Protein chains: 4
Amino acid sequence: MKSKHEQRSEDTKQEILKSAGQLFAEKGYDAVTIREIAKNAGCSHTTIYLYFKDKETLLHQLSMPSLQELQKKFDQISKINSLSSEEKLKEISREYIKFCLQNRSMYDIFFNAKSSRVDEEPELEINKLRIEIFEIMKELIQKSLSLPNNDQLLAFARIYYYSLNGILSTYSYQHESLGVLIERLKPTFDLAVDILILGFKEKLK
Amino acid sequence: MKSKHEQRSEDTKQEILKSAGQLFAEKGYDAVTIREIAKNAGCSHTTIYLYFKDKETLLHQLSMPSLQELQKKFDQISKINSLSSEEKLKEISREYIKFCLQNRSMYDIFFNAKSSRVDEEPELEINKLRIEIFEIMKELIQKSLSLPNNDQLLAFARIYYYSLNGILSTYSYQHESLGVLIERLKPTFDLAVDILILGFKEKLK
Amino acid sequence: MKSKHEQRSEDTKQEILKSAGQLFAEKGYDAVTIREIAKNAGCSHTTIYLYFKDKETLLHQLSMPSLQELQKKFDQISKINSLSSEEKLKEISREYIKFCLQNRSMYDIFFNAKSSRVDEEPELEINKLRIEIFEIMKELIQKSLSLPNNDQLLAFARIYYYSLNGILSTYSYQHESLGVLIERLKPTFDLAVDILILGFKEKLK
Amino acid sequence: MKSKHEQRSEDTKQEILKSAGQLFAEKGYDAVTIREIAKNAGCSHTTIYLYFKDKETLLHQLSMPSLQELQKKFDQISKINSLSSEEKLKEISREYIKFCLQNRSMYDIFFNAKSSRVDEEPELEINKLRIEIFEIMKELIQKSLSLPNNDQLLAFARIYYYSLNGILSTYSYQHESLGVLIERLKPTFDLAVDILILGFKEKLK
DNA sequence: AATGAATGAGCTTTCATTCAT
DNA sequence: AATGAATGAAAGCTCATTCAT
């Protein structure tokens, strides 16, 4: 059981993470200042440095949990027996898209090699997650199409994965609220998934 | 014939453009400083302001020419009567991909809304080009699929366009030479285009 | 009671104000740099931005308090019933002169249109004060001369006000101590006031 | 006789002086850039450095002739026998005011000790002129009032001189054209001169 | 005599970060 | 544990001035 001190400390940390998450999402990493995060979190900007080495560390610590949560959701969906592989793929794709729009401004950091610090510990962690996400999609595509695990599958998976990201990246800078954005884009994404799967199937004939 | 002065002036300007192009590419517009560009170009930072009104203008002058060239190529392909619409679309897509890989450096700037300030003159120019490129693709998709110009066409065109960009963006940070990269990715892109078109057709049934 | 923090903060702020006052006085607003003010105040230039939004705000915060004090003194004198209007005018003029010599440093900023940006909030504040000071003098001239509030009164008031300022501006750069300066100039100012009033009266005959 | 080269050279120099004069007058010394002057003068900014050591020297060379011209005018007026001393004083005052409004932005440099470089040659020259102008006014006041050359005269002269400058300084930042400004202010100045002289006379009684 | 090219010094301002309490 | 005070580094940009032709 946590002491009162520990509890309060933990609260502050969470408040900071929440605030940072919101702001990064709204305005993008660079455009957000430490002082802004602090203000929003109801603490002093120096307090942030008690919990996080620097701004970048804050970002990484912020992104890990949501990525892990995403992964968990993926696992759950995978395990629903009542769904066909194709339905699973669609559902997972929807989750993925939602997640990315939700974490819009972390999007870059997740998926652009550019902003990676490959030499550092947390980065590796992120890369691992990234790869796992891709693997899950690949697997579901494989099952949906009854394909062997060959080069063609890899190519299909890439096209699928990158297409999703392409559409996503195009919208990841829009300044709409999550709800509005999702509502607006849902048909496009659903259609895209549909068409890609249809295309794959047709190609295989 | 150019005077010595003119020649030197032109050289410097080109050096700046080259340097800016590289750096914007590597690190993104915001992360690059004027002084950095200057150092790389072998001149003083003030010299840059001799040739470009400000940082943003430099960015735009940097991107306009290649975009215009691309547009010209598109026009040419559109006019080749011996090609079917689908073949034109494929050809144009190939050109587009080649262009983007070639200008990998500037890719972000071209296609990320990030650097847009819609209220300003030069930006409009770029946006116009962007839109025209999209329109040409849309039109060819329309003809390929014998579609009316409706919402479905728009959705298809978006999916097509953004999928290409998705795959592109994934590879635009690789540090391979253009030739090698194109050779390596050509099959993937051709396959993607194929699958999308097949998917569209199937969806229409 | 003030905490140590508050005390130190207040000290620094005052140091900055003092330094800025001196420097603006010596060299004029534009010619003084933020770094110069900071150096003189014994702090970093960034510290200034802790206390003042920007250079212009510093200027205004610098000038407002003394102007307000002056205004208060004017009000007090106006209310002394035992004095005739002419005596009030003289007394107020003396106060005004004393004030200006005391704030020699800031004289320019107070009274030169140069530093005005009429479109901005804080500036309006200063302008308002300036106008009020002028109005009080005008009123007293009116009463002293039993004039109606017409164009002639306005002309007289202007001449009176600007003449005072003319003499002031001439001496506002001298580097004597306030006491010495006042002692030395008192006769001149008293004489000037006298002559102007005499002149007004004679003109009216 | 001047060679063609010499003539052209002289022309350029005059063009620069003219341009600088206009611009300094319009916007004030600091706000005018060398490049602006050059553009206006129809030459390159580097050319300016052929004729003038630096910006400040340009300013000083610019102010001397007009001051000298003013002095000449003063002398001429002094010598007109048909005018009474008082009329001469009034006429000279008018000339002085006109000159100052005309040279509005040099006004500071002429009359503010602030911007003097006391250690330098041209500055001394200006100071000499300044003093001479004051002396001429003093002398005419003396004659107008039939005063001996005593402390009272000095005090009167100061009040007179500084009052003029006070009114002038107040208007020297207005951005109206010379003609308009003179027309607008003439009555005020005439009235001021009138009142001061009346005041002097009354005081002497 | 004249100029285009180029530069260094310097400006205001912002920000992540550290120090002292 | 927490914070207000303070700072150094760096950004974009301007300007008077010099260099090379």
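The sequence lines fix the lettering, A, B, ..., with proteins before strands; numbering per chain opens at 1. Computed from a predicted model, the values in this text were never measured in an experiment. Computation of the quantities below employed the complete heavy-atom set of this structure, encompassing side-chain atoms and omitting hydrogens, waters and symmetry-equivalent molecules.
- Near DNA chain F, defined here as any heavy-atom distance below 4.0 Å, the residues from residues 39-48 of chain A are A:Cys43, A:Ser44, A:His45, A:Thr46, A:Thr47, listed numerically.
- In this model, a side-chain donor or acceptor of A:Arg35 finds a partner on the base of E:dT17 within 3.5 Å.
- Side-chain contact between A:Met64 and A:Gln68 is present, with at least one heavy-atom pair separated by less than 4.5 Å.
- Shown here are the side chain to side chain contact (heavy atoms under 4.5 Å, CB included) partners of C:Ser9, two or more places apart in sequence or in another chain: C:Tyr51.
- A side chain to side chain donor-acceptor pair (under 3.5 Å) with B:Glu10 holds for exactly one of B:Gln14, B:Gln7, B:Lys13; it is B:Gln14.
- In this structure, B:Tyr49 atom OH and F:dA16 atom P are separated by 17 Å, rounded to whole Å.
- Contact check for A:Leu59 versus A:Phe52: no side-chain heavy atoms found under the 4.5 Å cut-off.
- Residue A:Glu36 contributes atom CD, which lies 13 Å from atom P of E:dT14 at whole-angstrom precision.
- Looking at heavy atoms from C-beta onward, D:Gln61 lies out of side-chain contact with D:Glu56 at the 4.5 angstrom threshold.
- For the pair B:Ile34 CD1 and E:dG8 P, the interatomic distance rounds to 16 Å; values are reported in whole Å.
- Side-chain polar atoms of A:Asn40 and A:Glu36 form no donor-acceptor pair below 3.5 angstrom.
- Rounded to whole Å, the distance from CG on B:Leu58 to P on F:dG12 is 11 Å.
- You'll find that the side chain of C:Lys55 is closest to E:dT12, out of F:dT3, F:dA5, E:dT12.
- For the pair B:Ser9 and E:dG4, the criterion of a side-chain N or O lying under 4.0 Å from OP1 or OP2 is not met.
- In this structure, D:Asp30 places its CG atom 16 Å from P of E:dG10, rounding to the nearest Å.
- Considering only heavy atoms from C-beta on, B:Leu23 stays 4.5 Å or farther from B:Thr33 through its side chain.
- One N or O on the side chain of C:Lys55 and one on the backbone of C:Val32 form a donor-acceptor pair closer than 3.5 Å.
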Encoded 5' to 3' (Watson-Crick or G-U under 3.5 Å; [ ] crossing; | other strand), DNA chain F becomes .||||||||||||||||||||
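- Distance from the side chain of A:Tyr51 is smallest for F:dA1 among the nucleotides F:dT17, E:dT3, F:dA1.
- No donor-acceptor pair closer than 3.5 Å links the side chain of D:Glu15 to the backbone N or O of D:Thr12.
- Here the P atom of nucleotide E:dT12 and the CZ atom of C:Phe52 are 15 Å apart, to the nearest Å.
- Atoms CD1 (D:Ile37) and P (F:dA16) sit 8 Å apart, rounded to a whole Å.
- The nearest heavy atom of DNA chain E to A:Thr33 and to C:Arg8 marks one nucleotide each, and the one closer to the 5' end goes with A:Thr33.
- Taking atom CD1 of C:Ile16 as the reference point, atom P of E:dT12 lies 14 Å away to the nearest angstrom.
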